[in-house]
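These numbers were taken from a predicted model, which means no experiment stands behind them. Letters A, B, ... mirror the listed sequences (proteins, then strands); counts begin at 1.
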Number of protein chains: 2
Amino acid sequence: MPTNTKTNYSIGAFAKAVGLTAPTLRYYEDQGLIEPHRHANGRRYYQEDDVNWVKFLLHLKGTGMSISDLKQYVTWRAAGDATIPQRLALLQRVKSDFLVQFNEVQHHLQILNDKINWYEEKEAGIMTAPEDFASYLKRFGHHE
Amino acid sequence: MPTNTKTNYSIGAFAKAVGLTAPTLRYYEDQGLIEPHRHANGRRYYQEDDVNWVKFLLHLKGTGMSISDLKQYVTWRAAGDATIPQRLALLQRVKSDFLVQFNEVQHHLQILNDKINWYEEKEAGIMTAPEDFASYLKRFGHHE
DNA sequence: ATATAACTTCAAGTGCACTTTAAGTCAAGG
DNA sequence: CCTTGACTTAAAGTGCACTTGAAGTTATAT
């Protein structure tokens with residue numbers, strides 16, 4: 001006999017479990033992203049499934065999806081398997097946008113790294129005839 | 001004799017050159033990030049150096065630096081070489097924060113990719129006995 | 001000469017994603 | 001029993017990074 005312990009999280013306990021605050025959870029609920037159960041007295045409760053769902057939402061959010069993107073996704077999800085093509089297309093668009101940003105951000109990091117190295121060499125007195133950052137970049141073929 | 005063409009950009013031309021709008025440039029100036037020259041009549045003008053400077057600022061911004069971080073950097077820069085240690089420390093902190101975010105975001109992408117693949121397999125009817133996403137993730141050792 | 005496009009300042013408005021406040025209800029521990 | 005903490009709603013406030021508007025001046029093209 002498996003222990004049938006259905007965990008019923010209060011909003012506060014759930015907030016800790018997913019790393020959000022209770023107000024944020026209420027806000028997400030207002031936005032239609034979560035639909036917790038309610039006790040007879042009106043208090044929300046959440047279950048294990050909801051933990052997974054919110055964590056998944058946070059992954060999507062972390063790839064750049066806005067609340068309204070997420071809401072659209074949730075709406076389609078609630079409509080059933082017929083909307084899988086739409087959901088797939090949405091996620092593919094998100095991925096494509098993400099990859100553009102990802103490349104840009106890697107370039108930004110390269111420049112930041114170059115600048116840090118430039119300062120470190122300057123500090124260490126490695127630069128004999130102090131070279132300006134622009135020509136330092138060019139030496140590595142790093143542009144702009 | 002080299003053609004001594006000092007380019008004097010108006011704010012509009014400069015905006016195009018750096019990919020910002022004129023109001024944004026005025027905003028950055030208010031924040032102390034740029035200090036354009038002025039014609040006798042009060043109109044701003046920018047030069048080639050300013051293009052490089054703004055592009056560099058945008059790289060730093062793109063690594064997650066806020067306007068106020070940038071302002072601090074600019075203030076130290078204006079104070080001369082004595083502040084190189086502070087600037088270096090700031091950029092190292094920025095890099096460190098960036099790398100944390102970068103790892104997180106890569107994990108988010110992995111989950112997004114997995115979800116897309118899961119939908120694609122479901123769509124294509126590759127999933128014989130439809131597998132839920134949670135166990136699909138586990139098959140790849142991708143957690144949460 | 002005159003229209004219109006680009007510039008000037010300063011203040012107010014926008015969008016996003018929360019966060020905080022106010023006023024009240026409810027549950028659990030001593 | 002009663003205090004304390006957690007919960008409820010609805011509305012207002014916050015922070016960031018711009019963006020827009022208003023009112024006026026100046027430069028350029030016809």
Side-chain angles (χ1 to χ4, degrees), chain A residues 7-47 50 54-74 94 97-98 101 104-105 108, chain B residues 7-47 50 54-74 94 97-98 101 104-105 108:
Chain A
T7 326
N8 280 5
Y9 296 91
S10 69
I11 195 169
F14 187 70
K16 277 185 188 164
V18 298
L20 296 171
T21 65
T24 300
L25 287 170
R26 292 191 195 98
Y27 169 71
Y28 283 179
E29 186 180 340
D30 285 349
Q31 301 308 306
L33 306 187
I34 324 170
E35 251 198 73
H37 310 271
R38 297 279 184 154
H39 291 294
N41 58 22
R43 295 198 170 189
R44 295 166 178 83
Y45 67 95
Y46 302 78
Q47 292 179 338
D50 300 314
V54 169
K55 284 186 176 173
F56 175 62
L57 279 182
L58 293 178
H59 282 303
L60 292 186
K61 192 164 176 300
T63 65
M65 283 180 80
S66 64
I67 299 288
S68 86
D69 283 340
L70 290 170
K71 192 196 171 104
Q72 176 65 84
Y73 180 84
V74 169
V94 167
D97 293 352
F98 177 95
Q101 295 301 308
E104 286 178 12
V105 116
H108 297 321
Chain B
T7 325
N8 280 5
Y9 296 91
S10 69
I11 193 170
F14 187 69
K16 276 184 188 167
V18 298
L20 296 172
T21 66
T24 301
L25 287 170
R26 292 192 195 97
Y27 169 71
Y28 282 0
E29 187 180 340
D30 284 350
Q31 301 308 306
L33 305 187
I34 324 170
E35 251 199 75
H37 311 271
R38 296 280 183 154
H39 290 295
N41 58 23
R43 294 196 171 191
R44 294 166 179 83
Y45 68 95
Y46 303 78
Q47 293 180 336
D50 300 314
V54 168
K55 284 186 176 173
F56 175 62
L57 279 182
L58 293 178
H59 282 303
L60 292 187
K61 192 163 176 299
T63 64
M65 283 181 79
S66 65
I67 299 288
S68 86
D69 283 339
L70 290 171
K71 191 195 173 108
Q72 176 64 85
Y73 180 83
V74 169
V94 168
D97 292 351
F98 176 94
Q101 294 301 307
E104 286 179 9
V105 116
H108 298 321

Apply side chain to side chain contact (heavy atoms under 4.5 Å, CB included) to the pair N8(B) and Q47(B), showing each step before the final yes or no. CA-CA 5 Å; N8(B) 280 5; Q47(B) 293 180 336; 3.0 Å; yes
Ignoring backbone atoms, test whether S66(A) places a side-chain nitrogen or oxygen under 4.0 Å from the OP1 or OP2 oxygen of dC16(C). no
R44(A) side chain near dC7(D) phosphate (N/O to OP1/OP2, under 4.0 Å): no
Which nucleotide in the list dC26(C), dC7(C), dA17(D) gets nearest to the side chain of I67(B)? dA17(D)
Whole-Å distance between dA17(C) P and L60(A) CG? 14 Å
Starting at CG of L70(A) and ending at C1' of dA17(C), how long is that distance when rounded to a whole Å? 12 Å
Please examine the side chains of L20(A) and L58(A), heavy atoms only from C-beta on, and report whether any two atoms are closer than 4.5 Å. yes
Gap between atoms CD1 and C1', on I34(A) and dA17(C) respectively (whole Å): 14 Å
Expressed as a whole number of angstroms, how long is the span from L25(B):CG to dT9(C):P? 13 Å
Any N41(B) side-chain nitrogen or oxygen under 4.0 Å from OP1 or OP2 of dA27(D): yes
Quickly work out the Q31(A) CD to dC16(C) P distance and round it to whole Å. 11 Å
Given dC18(C), dC18(D), dC7(D), identify the nucleotide with an atom nearest to the side chain of I11(A). dC7(D)
Does a nitrogen or oxygen in the side chain of Y27(A) sit under 4.0 Å from OP1 or OP2 of dC16(C)? no
Evaluate the side chain to side chain contact (heavy atoms under 4.5 Å, CB included) criterion for residues K61(B) and I67(B): first the C-alpha distance (whole Å), next the side-chain angles of each, then the deciding distance (0.1 Å), finally the verdict. CA-CA 8 Å; K61(B) 192 163 176 299; I67(B) 299 288; 4.1 Å; yes
What is the distance from OH of Y9(B) to C1' of dA6(C), rounded to the nearest Å? 18 Å
T21(B) has a side chain; which of dT19(C), dA27(C), dT19(D) sits nearest to it? dT19(D)
Please check this pair: side chain of D97(B) against backbone of V94(B), looking for a donor-acceptor N/O pair closer than 3.5 Å. no
Does K61(A) put a side-chain nitrogen or oxygen below 4.0 Å from OP1 or OP2 of dC18(C)? yes
If a pair satisfies ring pair (Phe, Tyr, Trp, His ring centres under 6.0 Å) and one of its residues is in residues 12-31 of chain B, list it, with sequence neighbours excluded. Y9(B)-F14(B), F14(B)-Y46(B)
How would you label the contact of Y45(B) with the nucleic acid (heavy atoms, under 4.0 Å): base, sugar-phosphate, or nothing? nothing
Atom pairs and distances, donor-acceptor, side-chain atoms in residues 33-42 of chain A, under 3.5 Å, two or more places apart:
unit_1: R38(A); atom_1: NH1; unit_2: G42(A); atom_2: O; d: 2.8
unit_1: R38(A); atom_1: NH2; unit_2: E29(A); atom_2: OE2; d: 3.2
unit_1: N41(A); atom_1: OD1; unit_2: R43(A); atom_2: N; d: 3.0

Looking at every strand, decide which applies to R26(B) at a 4.0 Å heavy-atom threshold: base, sugar-phosphate, or nothing. base
What's S10(B) touching, base or sugar-phosphate or nothing? Going by heavy atoms closer than 4.0 Å. sugar-phosphate
Does dA28(C) have its OP1 or OP2 closer than 4.0 Å to a side-chain nitrogen or oxygen of R43(A)? no
Rounded to whole angstroms, how far apart are CG on D69(A) and C1' on dG15(C)? 14 Å
In this structure, how many angstroms lie between the P atom of dC18(C) and the CG atom of L57(A), rounded? 11 Å
With respect to the phosphate group of dT9(C), does any side-chain polar atom (N or O) of R38(B) fall under 4.0 Å of OP1 or OP2? yes
